[in-house]
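Below is one structure, written out as structure tokens; comments come after it.
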There are 2 protein chains.
Amino acid sequence: MRVKQIADALDISVDTVRYYTRIGLLVPNRSHNGYKYYRPADVTRLRFILSARSLGFSVNDIKEILVTSSQTNAPCPTVRRLIEKRLKETEQRYQDMHELRERMRLATSEWQNKPDQPPTADTICHLIEGFTALKS
Amino acid sequence: MRVKQIADALDISVDTVRYYTRIGLLVPNRSHNGYKYYRPADVTRLRFILSARSLGFSVNDIKEILVTSSQTNAPCPTVRRLIEKRLKETEQRYQDMHELRERMRLATSEWQNKPDQPPTADTICHLIEGFTALKS
DNA sequence: TGTTGACCTGTGAGCGGCTCACAGGTTTAT
DNA sequence: ATAAACCTGTGAGCCGCTCACAGGTCAACA
């Protein structure tokens with residue numbers, strides 16, 4: 001299979017396949033004309049990559065898992081260790097997003113009742129600089 | 001003020017100040033030895049940048065707001081338009097983060113009862129590939 | 001046999017928002 | 001005078017793609 005075929009088969013862009021190939025997650029054959037040819041094993045591998053991505057693993061995590069899996073018997077301990085780490089990060093980012101969303105919502109509602117004003121010597125936009133939730 | 005002073009004053013890294021300077025959000029003076037010197041107006045400006053960042057505006061948004069504010073009377077219409085857009089994106093990303101977190105939590109709990117297994121011909125890690133929530 | 005045109009290819013660069021590495025300049029203490 | 005601490009700007013690197021682009025391939029038609 002060439003890049004377009006494998007990309008279409010798994011419903012992702014050719015650029016994503018090329019990216020994974022470029023960083024060594026996929027290692028296709030090369031034909032005489034320089035084209036990359038993907039075998040069934042590469043499809044399995046790519047499917048695995050996509051599953052892992054959708055579980056929050058980074059491409060470096062995936063690289064590590066693939067190396068472990070080819071060197072030792074079970075990559076599972078690595079996988080368990082990594083997801084714990086990534087889950088913690090995700091919880092944190094989720095929390096941060098929540099707070100950001102609250103700030104943004106509060107700002108928009110607060111700004112409903114405020115008029116437009118031109119900038120002054122020490123304020124650029126009174127909406128932003130005067131937003132109460134920023135005054136710690 | 002030189003870069004370290006302004007960075008310390010607003011409790012951010014010198015690299016961040018330098019980044020904002022590099023992309024033209026801040027325009028300090030240059031002294032004979034090539035050092036950048038920041039004036040009180042730059043402090044106001046940087047404080048504004050930080051407020052806007054914490055409300056979810058991108059640096060490009062901020063650039064646009066600053067330009068508008070220096071060209072027209074009130075940047076407020078621009079600000080209102082931009083935050084609406086960013087808020088929508090934030091809601092979406094928040095939702096995505098929520099789903100990701102759920103998937104990760106479900107996976108970890110499901111994996112508690114599963115043993116480690118070596119890879120086979122068509123599975124790299126049975127935990128990831130066999131995770132139920134991925135089977136659409 | 002030639003040629004048009006659709007489609008496909010790989011490579012290199014770009015994105016955002018910083019962060020890091022590094023060679024060299026400046027300041028302070030001796 | 002000199003050593004050490006600290007500061008400087010510039011360039012490159014990070015992640016996970018995405019885009020631009022010049023050129024290659026291939027089937028259909030003249």
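Heavy-atom basis, side chains included; hydrogens, waters and symmetry copies ignored. Within every chain, numbering begins at 1; the chains are lettered A, B, ... in the order of the sequence lines, protein sequences first and strands thereafter.
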Discussion item. Rounded at 0.5 Å granularity, tell me how far CZ in B/Arg47 sits from CG in A/Asp122.
Written reply: 10.0 Å
Discussion item. Nearest whole Å is fine: how far is D/dC15 C1' from A/Ile62 CD1?
Written reply: 12 Å
Worksheet item: Under 4.0 Å between a Lys/Arg side-chain N and an Asp/Glu carboxylate O for A/Asp96 and A/Arg93?
Response: no
Discussion item. Looking at B/Lys88 and B/Glu91, is any side-chain nitrogen of the basic one under 4.0 Å from a carboxylate oxygen of the acidic one?
Written reply: no
Discussion item. Using whole Å, what does the distance between atom P of nucleotide D/dG9 and atom OH of B/Tyr38 come to?
Written reply: 6 Å
Worksheet, complete the sentence: CD1 of B/Ile65 to SG of B/Cys76, rounded to nearest 0.5 Å, is 10.0 Å
Fill in: Nearest-Å distance for atom pair CD/P, residues A/Glu64 and D/dC15
13 Å
Fill in: Interatomic distance, B/Asn60 CG vs C/dG14 P [rounded to whole Å]
16 Å
Item to complete: Measure from CD1 on B/Ile12 to C1' on C/dC18 and round the result to the nearest Å.
Response: 11 Å
Worksheet entry | Atom-pair distance (CD1 on B/Ile23; P on C/dT19), nearest Å | 13 Å
Worksheet item: Do the charged groups of B/Asp42 and B/Arg45 touch, with an N to O distance under 4.0 Å?
Response: no
Discussion item. Determine whether a donor-acceptor pair (N or O, by modelled atom type, separation under 3.5 Å) exists between the side chain of B/Glu129 and the backbone of B/Ile124.
Written reply: yes
Practice prompt. Kindly calculate the angle separating the two end axes of the helix from C/dT1-D/dA30 to C/dT30-D/dA1, each obtained from five base pairs, and round it to 10 degrees.
Written response: 40°
Practice prompt. Grab the two heavy atoms, one from A/Lys114 and one from B/Arg80, that are nearest each other, plus how far apart they are.
Written response: O-NH2, 2.8 Å
Discussion item. Under 4.0 Å from OP1 or OP2 of D/dC17: is there any side-chain N or O of A/Tyr20 that close?
Written reply: yes
Practice prompt. Measure the distance from CZ on B/Arg86 to C1' on C/dG16 and round it to the nearest whole Å.
Written response: 11 Å
Practice prompt. Kindly check if the number of other-residue, nucleotide or ligand heavy atoms within 6.0 Å of CD (A/Glu89) is above 12?
Written response: yes
Practice prompt. Report the residue from B/Arg101, B/Gln95, B/Arg103 that forms a side chain to side chain donor-acceptor pair (under 3.5 Å) with B/Glu99.
Written response: B/Gln95
Worksheet entry | C/dT11 OP1/OP2 closer than 4.0 Å to side-chain N/O of A/Lys36 | yes
Please list each protein N or O that sits under 3.5 Å from an N or O in nucleotides 18-28 of chain D, with the distance.
from	atom 1	to	atom 2	distance (Å)
D/dC19	N4	A/Asp15	OD1	3.3

Discussion item. Once you apply a heavy-atom cut-off of 4.0 Å, does A/Val14 come out as touching a base, just sugar-phosphate, or nothing?
Written reply: nothing
Discussion item. Measure CG/A/Leu55 against C1'/D/dG16 and give the value in whole Å, please.
Written reply: 17 Å
Worksheet item: Where the side chain of B/Val3 is concerned, which of D/dG9, C/dG16, C/dG17 is the nearest nucleotide?
Response: D/dG9
